[in-house]
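For reference, the structure is listed below as structure tokens.
In the text below, chain A, chain B and the rest are named by the order of the sequence lines, each starting its count at 1.
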Amino acid sequence: MSSFDESDAFEGASLSARAMAARPVPYLDGLNPEQRLAVETMDGPVLMLAGAGTGKTKALTTRIVHLLNTGRAQPNEVLAVTFTNKAAREMKNRVGALLGQSIEGMPWLGTFHSICVKLLRRHAELIGVEGSDVTLKSNFTILDTDDQLRLLKQLVQAAGIDDKRWPARQLAGVIDHWKNRAWTPSRVPAGEAGAYNGKAVALYKQYQRRLIELNAVDFGDLLLHVVSIFQTHDDILQRYQRWFRYILVDEYQDTNVAQYLWLRLLAGGHRNICCVGDDDQSIYGWRGAEVGNILRFEKDFPGAHVVRLEQNYRSTPHILAAASSVIAGNQGRLGKELWTDVEEGEKVRLIGHWDGDEEARWIGEEIEAMQRGTRNLRPYSLDEMAILVRASHQMRAFEDRFLTIGLPYRVIGGPRFYERMEIRDAMAYFRCVTSPSDDLAFERIVNTPKRGLGDKAQQKIQVTAREHGVPLIEGARILLEQGGLGGKGAKELATLLDGLARWGRMTGDKDVSHVELAGIILDESGYTGMWQDDKTPEAPGRLENLKELVKALENFENLTGFLEHVSLIMDNESDNEGEKVSIMTLHAAKGLEFPAVFLPGWEDGLFPSQRSMDESGLKGVEEERRLAYVGITRAEEVCTISFAGNRRVFGQWQSSLPSRFIDELPEAHVEVLTPPGLYGGGYGAAAGVPNSIDAKVAEANVYNSPGWKRMQARAGQRPTAQPRESTSPVIDMAAASSHVVGERVFHQKFGYGEIMGVEGDKLEVAFDKAGTKKVVARFVSGADDVPF
DNA sequence: CGCCGGATTCTTTTT
DNA sequence: GAATCCGGCG
């Protein structure tokens with residue numbers, strides 16, 4: 001399996017070139033001149049600069065079909081790389097549709113990671129531990145971030161480092177970063193070595209050695225190892241260079257250094273590489289993506305053809321104009337001018353709210369209204385609408401709200417199936433059975449369910465195993481023989497070891513299918529029972545997931561095969577029943593499009609994210625701006641941006657200003673919607689009554705912000721109720737000083753309470769119903785002022 | 001060893 | 001407000 005042989009190493013070529021060549025080429029007719037150029041410039045390096053919604057996937061897939069159709073390559077000689085499984089699947093489907101037949105024969109169309117897993121499994125034994133003959137084996141396991149962290153914690157602890165000051169999580173980040181740059185321990189530049197208390201390089205080295213000893217790799221290794229193999233084994237590299245006759249890369253702006261090197265190495269021979277990207281959509285800088293890669297393409301591949309795709313087929317001109325106006329704030333762009341010949345549509349809609357809950361409420365109602373068809377809009381089905389948020393914690397407000405009003409929704413990119421605790425536990429059991437030297441798996445399940453084997457007992461096992469130089473399972477057996485463990489723990493451990501050995505023998509048993517065996521393992525180990533006895537509300541769902549896992553096994557020949565492939569099918573698309581609104585992060589939305597898009601939470605600090613600005617300054621803001629650009633350009637017909645004046649952060653209410661990106665929206669293409677509560681301006685708008693909804697909105701800081709005021713001025717309309725006199729965004733100290741500790745007050749949101757402390761403009765108030773909160777003085781009034 | 005309550009920290013974004 | 005960590009107790 002691990003030996004390399006060109007004749008059999010590559011899987012299934014299923015389409016013959018002759019059959020292909022006989023086909024007519026109607027697929028070229030549907031392309032515009034730019035796309036056609038991108039497709040028909042077939043040999044040599046091509047850089048496709050494709051703006052959002054310009055049909056780059058179409059161009060890319062057509063290009064693949066054209067390569068096959070002209071007999072330039074067999075399906076298994078095309079290397080087509082994407083970043084997500086979803087994109088890979090879509091590309092496969094579209095190629096299949098264009099060809100009019102399914103294409104099982106494109107084994108090298110996939111994500112960087114899935115392709116590198118295949119490559120690495122072939123050559124695993126070339127990766128070894130320095131100064132020993134231990135090497136990786138082709139059945140290595142792929143660690144997820146959880147395992148990775150667990151391993152690092154052990155190393156950090158062993159090195160006697162204060163976990164408080166230098167959390168292992170931080171080290172994981174540093175190592176990740178280095179792997180993204182393709183820096184092996186010995187290649188980390190001196191200037192970087194000061195990371196993590198100066199110990200990062202040493203720990204990185206230990207970590208890599210430990211991984212290989214465990215026959216494991218982490219995500220970063222997949223690329224890193226393959227790149228090192230290419231760099232050190234020229235014969236292997238050359239074979240792959242010959243084999244992959246054409247290389248296509250999607251989302252090139254998101255490639256990190258390791259991926260870039262990988263591509264440059266593979267394309268180094270024939271240089272038949274076609275990269276597609278959009279510098280304006282580079283949103284993965286934090287994970288090592290280098291926009292520089294795209295800017296540098298022409299230098300790396302002299303004579304490259306650069307094709308620009310600028311005709312947008314997705315969005316209305318208003319949406320396009322808004323997106324262009326925002327992204328124009330960035331420096332150093334490659335510069336594309338998107339255009340469309342679509343006629344006018346709805347302007348981008350902007351709306352401010354009092355707080356996050358109301359924002360969720362309004363969006364819920366608006367979605368229901370849009371289902372029916374509202375104002376001048378056509379009816380939209382739930383599938384046509386999406387809510388795109390900056391950070392996943394923003395999703396909860398919508399989930400809560402939608403659950404109460406019974407609006408069906410689906411969360412995309414939530415915790416993945418194979419990342420759930422119960423699934424990972426079950427897989428750890430399987431791993432222990434199929435490879436008894438899998439220490440990480442054993443650690444995970446040795447005391448799950450509880451077997452009375454706590455830290456102490458586990459330490460003893462570790463020590464015994466290390467003394468004898470054997471895997472943990474073997475160490476545990478020895479420990480038991482020596483009688484080093486007593487009581488309940490010893491008995492339970494013996495049962496577990498017996499079980500593992502028995503199940504191991506059963507893997508070879510013809511009478512027991514692997515699906516049955518999986519069920520047996522989970523039942524006899526007590527794992528199923530553990531969840532059956534569990535009274536928490538999640539337990540039934542977890543049991544359900546376990547059933548699904550066992551069912552998924554049916555698609556594989558045996559447990560081993562399943563475990564080897566499972567790391568690649570990390571995404572699950574099970575949520576397809578019925579119409580639902582999609583909720584996802586902006587990152588997850590890249591590459592998707594929806595007729596109607598809601599972009600909530602456009603407040604400074606949230607979006608652009610404070611952290612991004614703090615850590616990366618202007619570069620951070622620019623990446624956030626690209627994210628805004630991605631968000632707006634997901635919309636085809638209706639794009640609704642909103643912000644809230646108050647939001648819960650860490651359980652505390654905080655007020656915030658509208659995002660700076662709102663200032664960057666072009667006035668001519670934006671319609672400012674009237675916030676709820678301003679309809680008709682009724683609601684006891686008697687001057688000065690602080691609990692009118694008008695006042696609420698006014699107090700939300702919304703109207704005080706520069707961005708909002710500008711929007712109002714531009715839109716040439718005023719809110720029905722004027723904000724009260726405090727139009728200055730400066731903190732109103734007078735208001736604060738007018739309150740004293742012990743005073744009874746009323747707050748719009750929390751009701752009555754007593755002031756416990758005064759800090760500048762902030763009051764600490766013990767509310768009767770809502771508990772103790774810090775609130776801005778301006779938002780409370782004396783309890784007696786309230787007329788009910 | 002495992003459970004409980006209290007204190008503390010924490011939230012970008014992900015293959 | 002949630003997850004995690006810590007110390008004390010059965």
**Fill in**
To the nearest angstrom, the CG-P distance between Leu453(A) and dG2(B) comes to 8 Å

**Prompt:** Between Asn180(A) and dT15(B), does any side-chain N or O lie under 4.0 Å from OP1 or OP2?
**Reply:** no

**Request:** By nearest nucleotide on DNA chain B, pick out whichever of Lys456(A) and Thr111(A) is the more 5' one.
**Result:** Lys456(A)

**Request:** Rounded to the nearest angstrom, tell me the gap between atom CZ in Phe83(A) and atom P in dT14(B).
**Result:** 14 Å

**Prompt:** Are Trp286(A) and the base of dT13(B) stacked, counting only ring centres nearer than 5.5 Å and planes tilted under 30°?
**Reply:** yes

**Asked** In terms of side-chain heavy atoms of Lys450(A), which of dT13(B), dG2(B), dT15(B) is nearest?
**Response** dG2(B)

**Asked** Given atom CD of Glu624(A) and atom P of dT13(B), what is their separation to the nearest angstrom?
**Response** 11 Å

**Request:** For Ile115(A) and dT15(B), give me the distance from atom CD1 to atom C1', rounded to whole Å.
**Result:** 13 Å

**Fill in**
Nt span of DNA chain C in reach of chain A heavy atoms at under 4.0 Å, 5' end first, is dG1(C) to dA2(C)

**Item:** Side-chain N,O (Thr585(A)) to OP1/OP2 (dT14(B)) below 4.0 Å
**Value:** yes

**Message:** Checking contacts here: which listed nucleotide (dG2(B), dC1(B), dT15(B)) is nearest the side-chain heavy atoms of Asn447(A)?
**Reply:** dG2(B)

**Request:** Look at the side-chain N and O atoms of Thr84(A) and state whether any lies under 4.0 Å from the OP1 or OP2 oxygen of dT14(B).
**Result:** no

**Asked** Contact class for Tyr284(A) (heavy atom, under 4.0 Å): base, sugar-phosphate, or nothing?
**Response** sugar-phosphate

**Prompt:** Nearest-Å distance, CZ (Arg626(A)) to C1' (dT13(B))?
**Reply:** 13 Å

**Message:** Angle between ring planes, Trp108(A) versus Tyr240(A), binned at 30° and 60°: parallel, tilted or perpendicular?
**Reply:** perpendicular

**Prompt:** Between Arg626(A) and Ser282(A), is there a donor-acceptor pair closer than 3.5 Å when you use the side chain of the first and the backbone of the second?
**Reply:** yes

**Message:** Return whichever of Gly452(A) or Val649(A) has its heavy-atom-nearest nucleotide of DNA chain B closer to the 5' end.
**Reply:** Gly452(A)

**Length of the line joining Gln652(A):CD and dT8(B):C1', which is rounded to integer Å** = 14 Å

**Complete:** Rounded to whole Å, the CZ-P distance (Arg611(A) to dT12(B)) equals 3 Å

**Fill in**
Nearest heavy-atom approach of Val649(A) to Gln654(A) is CG2-OE1, 3.8 Å

**Request:** Return the orientation label for the Phe661(A) and Phe607(A) ring planes: parallel under 30°, perpendicular over 60°, tilted otherwise.
**Result:** perpendicular

**Asked** Can you tell me if His587(A) uses its side chain to pair, donor with acceptor, with the backbone of Ile283(A) under 3.5 Å?
**Response** yes

**Asked** Is there a donor and acceptor pair, one atom on the side chain of Arg390(A) and one on the base of dT13(B), closer than 3.5 Å?
**Response** yes

**Asked** How far does the P atom of dT13(B) sit from the matching atom of dT4(C), given to the nearest Å?
**Response** 15 Å

**Prompt:** Looking at the side chain of Ala391(A), which of dT12(B), dT14(B), dC1(B) is the nearest nucleotide?
**Reply:** dT12(B)

**Request:** Under 4.0 Å between any heavy atoms, over every strand shown, what does Glu615(A) touch: base, sugar-phosphate, or nothing? Just pick one.
**Result:** base

**Message:** Taking the side chain as everything from C-beta on, heavy atoms only, tell me whether His123(A) gets closer than 4.5 Å to His225(A).
**Reply:** no

**Distance-minimising heavy-atom pair for Leu136(A) and Ile212(A)** = N-CG2, 3.7 Å

**Prompt:** Are the aromatic rings of Trp262(A) and Tyr260(A) close, with centres under 6.0 Å apart?
**Reply:** no

**Request:** Looking only at side-chain atoms of His113(A), point me to the closest of dT12(B), dT14(B), dT15(B).
**Result:** dT15(B)

**Request:** Classify the nucleic acid contact of Asp218(A) as base, sugar-phosphate or nothing, counting any heavy atom under 4.0 Å across all strands shown.
**Result:** nothing

**Message:** Between C1' on dT13(B) and CG on Asp614(A), what's the gap in Å once rounded to a whole number?
**Reply:** 16 Å

